[in-house]
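Have a look at the structure below before the remarks.
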There are 2 protein chains.
Amino acid sequence: MHPLAAAASPGVVLAHQSTLRETNLAVVLRCVCASEEPVSRAGVAAATGLTRSTVSRLVDELVAGGLVEEGTAQLAGPGRPATPLRPTGRICAVGLQVNAAHVAARLLDLRGRVVAEARSEPDLVGSEPAAALQLLGVHLAQVLAQTPEGGRVVGAGLALPGVVDGSGERLLRAPNLGWQDLSPAAGLREQLHGIPLSLGNEANLAAHAFAQPAPGRQGRSSHFVYVSGEIGIGGAVVTDARVQSGLHGFAGEIGHMPFRPGGDPCPCGSDGCLERYAGRLAMTRRAGLPPATTLAELGRLAEEGHTGSREAIDLAAEALGVVLAGVVNLLDVPTIVLGGEIGDLADRITPTVEARLRARVMAAPWMPLEVVQDTDDVAGATGGALLHLTRVVTSPVAFLAT
Amino acid sequence: MHPLAAAASPGVVLAHQSTLRETNLAVVLRCVCASEEPVSRAGVAAATGLTRSTVSRLVDELVAGGLVEEGTAQLAGPGRPATPLRPTGRICAVGLQVNAAHVAARLLDLRGRVVAEARSEPDLVGSEPAAALQLLGVHLAQVLAQTPEGGRVVGAGLALPGVVDGSGERLLRAPNLGWQDLSPAAGLREQLHGIPLSLGNEANLAAHAFAQPAPGRQGRSSHFVYVSGEIGIGGAVVTDARVQSGLHGFAGEIGHMPFRPGGDPCPCGSDGCLERYAGRLAMTRRAGLPPATTLAELGRLAEEGHTGSREAIDLAAEALGVVLAGVVNLLDVPTIVLGGEIGDLADRITPTVEARLRARVMAAPWMPLEVVQDTDDVAGATGGALLHLTRVVTSPVAFLAT
DNA sequence: GGCGATAGTTTTGTGGCGCAACCAACGACG
DNA sequence: CGTCGTTGGTTGCGCCACAAAACTATCGCC
């Protein structure tokens, strides 16, 4: 690279005429994808500001390229009826997920529909990667077998509960599985048939799915903290509808933010981490229950008056509230999304968390704060698939069929 | 707006031919600005990938518009000598800053040079806004009087130690000044002569200046946490060279992240906030010194063996280390920048902070962690000016002289 | 059945970039 | 000291993509 190029790098997004066409193709495709209902060429033109003639040519190209379909039924109303446009169901991506309690595969299409799903619930704490990957491979093959006639699978995204390297190829460390330094693509090569596989942190991908529930479609919040509560606690920060992944892609370890520094030692080498108070393992231990107790059971016991469970949940809520208030102070992300197993305790936790936020967030008087729940229990897999489908929407040219 | 437009909003960046020209003008101007040395048209072409003919046309336009100057001395070497290009010194912006200890005005030009500066060091704790703004107005007039012959001042940015609303027009609350609900533009109208004024949080603007030391030029770090230690503690998170300002622009209150929840009560309504351990007021109180003691004096006393000072500094370093480790875990921003008065203690604080980071950051084995110091003591003012100058670089069309 | 309204296509015009040829001005070398 | 090679910068032409506007198609409504 030219020496100056580095200096100018952030802005070396130079534009040719072709760039212009790519941009507008993406604009049109995103518009078609963003709408729940089919839209017409004229509707796209009105929404985007492009002229009808330009939209027509771009749509024709997308139809020819197999990314958009023209419906047969016509949209009624005054004037000439419109031909409805929808993203095709033949473009698909696979979402995969492995964590301590789930192995799952999902096939999503460009409309954001779940085309196929296969899953099982083994216990993978301290497991051998090979066996788990084999099971994942079976599920992967199952969903791929249900690819629609003439369909193309553009990628696969695997959600893992651990630290993934920046390139998305290598799992560095997944403490709760007991895995480290692993390249799962090798073990899945046979089932993948050349489909590109990328890894991602579970919470990061789940947050992506929450920010963008279907390709090109905006979720109800663009600035939020995602908390994924399983054995440990993962997380992700989303600002401007984009997941903050950090310089090396390591961002999101909210479970290891300090709640009581100097308190409970944590296997991570630190002490007083949030995870030691709001993680499942910590909560069940405090409640005096076996480690395999689910959070749903814990919640039921608390409901029935079991003191230990109540205290454990209250402490967890306190810890979450305090730590999340700090995060909101730092980043002004006024929505908290509870995902993963901890969602099962949302009813008991939410009031305390909201109270702590109101009390501890400096700008609370000027902004509404909200705690919501993500009910997708394999949200990481959904996010993994959506990651690849989003790529189709943002740069359609690369995916046009010749 | 059309109903679909909202749904498609993130991508409704449709491109016309004019967009294309604007983009490329920005690319060329950024390239000229990014280089410390003057560059030639051919150099820009090589760096950006645009052709020489296109660069020539764009440069001509920038020269005609008064944003770029052709030098007279020629760049030697084999072949025809090149005509050197530099950003003009006639485009300027004003940076203003008011905090508990400084009132300052700076005039910066498009090359990033400080053209003029005026400042004073009154004590503004619990002060009347009107008097401070009057003083600021005097300094503003002083630097504006030094605008270069034929120069244009494109904007003014005022850095304030408090919460500013999203539009950049209103100061909502500045606890350490004792100010609230204030629109400073009114009080400065006479001196501003129609120059647009925008407000920003002091630490956010200082971070901007650190991320981008001159218009269009990248600083040495693109992912960092900026800590501005004065009476209280402010901060900012920078990812991908952009300051994270949050949904309402309230981001950056790192001083009110929890260090010892349940500990020292904080005027913010919470307790155990970082600021209660690492803010100047907290440190001097702990050291048994008068509140007006500067951190430089505190450091000197510690050097001389004063136990109270040593303990106060050590506790502050501990608190910073713990909280910052949490932030790094959350966001993977491996550089910490110490700015403001706390920079005077950098030597004593840095080792402890770095030790805590190494011990408490989960991904520490895979990434270098670094604590650096920002030596600009009115960095907020610099950032305020750079904010406006950056706008010139990113969208030059709006600033071309007719 | 005529009319207005809306959807979509076709034609023509315009702006902006790449390409390639050209001119300009220097250093190196014989 | 002249020639040649090298690099900087300009000019004219063609292509590409979008805008504008005229045109066709098809509906609902009176």
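Values below: every heavy atom of this structure, side chains too, minus hydrogens, waters and symmetry copies. By convention in this document, chain letters (A, B, ...) are assigned in the order of the sequence lines, proteins followed by strands, and residues within each chain are numbered from 1. Here the structure is a predicted model, which means the values were calculated and not measured.
Atom CG of Leu50(B) is separated from atom P of dG9(D) by 15 Å (rounded to the nearest Å). Between the CG atom of Asn24(B) and the P atom of dC17(C) there is a distance of 5 Å, rounded to whole Å. Rounded to whole angstrom, the span from the CZ atom of Arg57(A) across to the P atom of dC18(D) amounts to 5 Å. Across the protein-nucleic acid pair, Leu20(A) atom CG and dT14(C) atom C1' stand 14 Å apart, rounded to whole Å. Atom C1' of nucleotide dG8(D) and atom CD of Glu70(B) are separated by 12 Å, given to the nearest angstrom. Rounding to whole angstrom units, CZ of residue Arg21(B) and C1' of dT14(C) are separated by 13 Å. Going from atom NE2 of His16(B) over to atom P of dG16(C) covers 12 Å, rounded to whole Å.
Among Asn204(B), Val243(B), Thr335(B), the single residue meeting the side chain to side chain contact (heavy atoms under 4.5 Å, CB included) criterion with Val238(B) is Val243(B).
Atom CZ in Arg86(B) sits 10.5 Å away from atom CD in Glu37(B) (nearest 0.5 Å). For the atom pair CZ (Arg41(B)) and OG1 (Thr83(B)), the distance works out to 4.5 Å, reported to the nearest 0.5 Å.
When distances are taken from the side chain of Ser40(A) to each of dC27(D), dA7(C), dC17(C), the shortest belongs to dA7(C).
Comparing Arg52(B) and Gln17(A) against DNA chain C, the residue whose closest nucleotide sits nearer the 5' end is Gln17(A). Heavy-atom distances to DNA chain D give each of Ser56(B) and Leu58(A) a nearest nucleotide, and the one nearer the 5′ end belongs to Ser56(B).
Side-chain to base pairing of Arg80(B) with dA25(C): no donor and acceptor N or O lie closer than 3.5 Å to each other. Judged by atom type and distance alone, Ser53(A) does not reach the base of dC18(D) through any side-chain donor-acceptor pair under 3.5 Å.
An OP1 or OP2 oxygen of dG8(C) is reached within less than 4.0 angstrom by a side-chain nitrogen or oxygen of Thr83(A). Remark: Thr54(A) is in phosphate contact with dA19(D), judged by side-chain N or O atoms under 4.0 Å from OP1 or OP2. Look at Arg41(A) and you won't find any side-chain N or O under 4.0 angstrom from OP1 or OP2 of dA7(C).
Checked by atom type and distance alone, the side chain of Arg90(B) never pairs as donor or acceptor with a backbone atom of Gly151(B) at under 3.5 Å.
Side-chain contact between Leu58(A) and Arg21(A) is present, with heavy atoms from C-beta onward closer than 4.5 Å.
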